[in-house]
Peer 1: 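This is the structure, below, for whatever I ask next.
Predicted model, so just to flag it, every value in this text is computed and none were measured. Along the sequence shown, the residues carry numbers beginning at 1.
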Amino acid sequence: MQRIKTFKTLTRAAAAASFLAVQAIICIGTVYWAVAETLRMEGMAAIVLAVIFAGPSAYLLMVVSRMAYEAETDPANQ
């Protein structure tokens with residue numbers, strides 16, 4: 001079966017991806033804040049920790065976007 005790509009399904013995919021991305025950013029930000037405050041990091045140490053968190057965060061956002069696109073354009077879900 002072929003994926004259904006209409007304006008409606010693509011806007012739904014974008015909305016789902018946006019919702020899930022915001023939830024993921026909130027969770028990642030909370031973990032970052034908890035680690036930084038527990039270890040009392042300031043300045044350069046906090047920036048290094050943020051860089052360490054950036055890679056997995058970007059990957060998670062890509063996975064969430066792909067998952068939302070596949071779920072919304074799947075013919076079985078229509």
Peer 1: Do Ile52 and Met44 land in one hydrophobic cluster if side-chain heavy atoms of ILVMFWY residues count as linked below 4.5 Å?
Peer 2: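 Yes, it is one cluster - the side chains of Ile52 and Met44 are joined through contacts under 4.5 Å.
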Peer 1: Side chain to side chain contact (heavy atoms under 4.5 Å, CB included) for Arg3 and Thr9? Distances and angles first, verdict last.
Peer 2: CA-CA 10 Å; Arg3 293 204 175 274; Thr9 59; over 6 Å; no
Peer 1: Rounded at 0.5 Å granularity, tell me how far CE in Met41 sits from OH in Tyr32.
Peer 2: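 Here the interatomic distance stands at 8.0 Å.
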Peer 1: Heavy atoms only: give me the nearest Ser57-Ile28 pair and the separation to one decimal.
Peer 2: OG-CG2, 3.3 Å
Peer 1: If you apply the rule side chain to side chain contact (heavy atoms under 4.5 Å, CB included), what do you find for Lys5 with Tyr69, and how did you get there?
Peer 2: CA-CA 10 Å; Lys5 296 176 196 162; Tyr69 172 77; 3.0 Å; yes
Peer 1: What are the two closest non-hydrogen atoms of Ala68 and Ala17, and how far apart are they?
Peer 2: CB-N, 3.7 Å
Peer 1: Looking at every heavy atom in both Val64 and Ala21, which two are closest together, and how far apart are they?
Peer 2: CG1-N, 4.0 Å
Peer 1: Looking at every heavy atom in both Leu60 and Ala24, which two are closest together, and how far apart are they?
Peer 2: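 Reported closest heavy-atom pair: CD2-CB, 3.6 Å.
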Peer 1: Show the nearest heavy-atom pair for residues Gln2 and Pro75, with the distance to one decimal.
Peer 2: O-CG, 3.0 Å
Peer 1: For the CG atom of Leu20 and the CE atom of Met67, what is their distance to the nearest 0.5 Å?
Peer 2: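 It is 5.0 Å, given to the nearest 0.5 Å.
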Peer 1: Measuring from atom CD of Glu72 to atom OG1 of Thr6, what distance do you get when rounded to the nearest 0.5 angstrom?
Peer 2: 10.0 Å
Peer 1: Find out if a path of hydrophobic residues (ILVMFWY) with successive side-chain heavy-atom gaps under 4.5 Å connects Val63 to Leu61.
Peer 2: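 No, because Val63 and Leu61 fall into different hydrophobic clusters, even though each may have its own neighbours under 4.5 Å.
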Peer 1: Shared ILVMFWY cluster between Ile47 and Trp33, side chains joined below 4.5 angstrom?
Peer 2: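 Result: no, two separate clusters.
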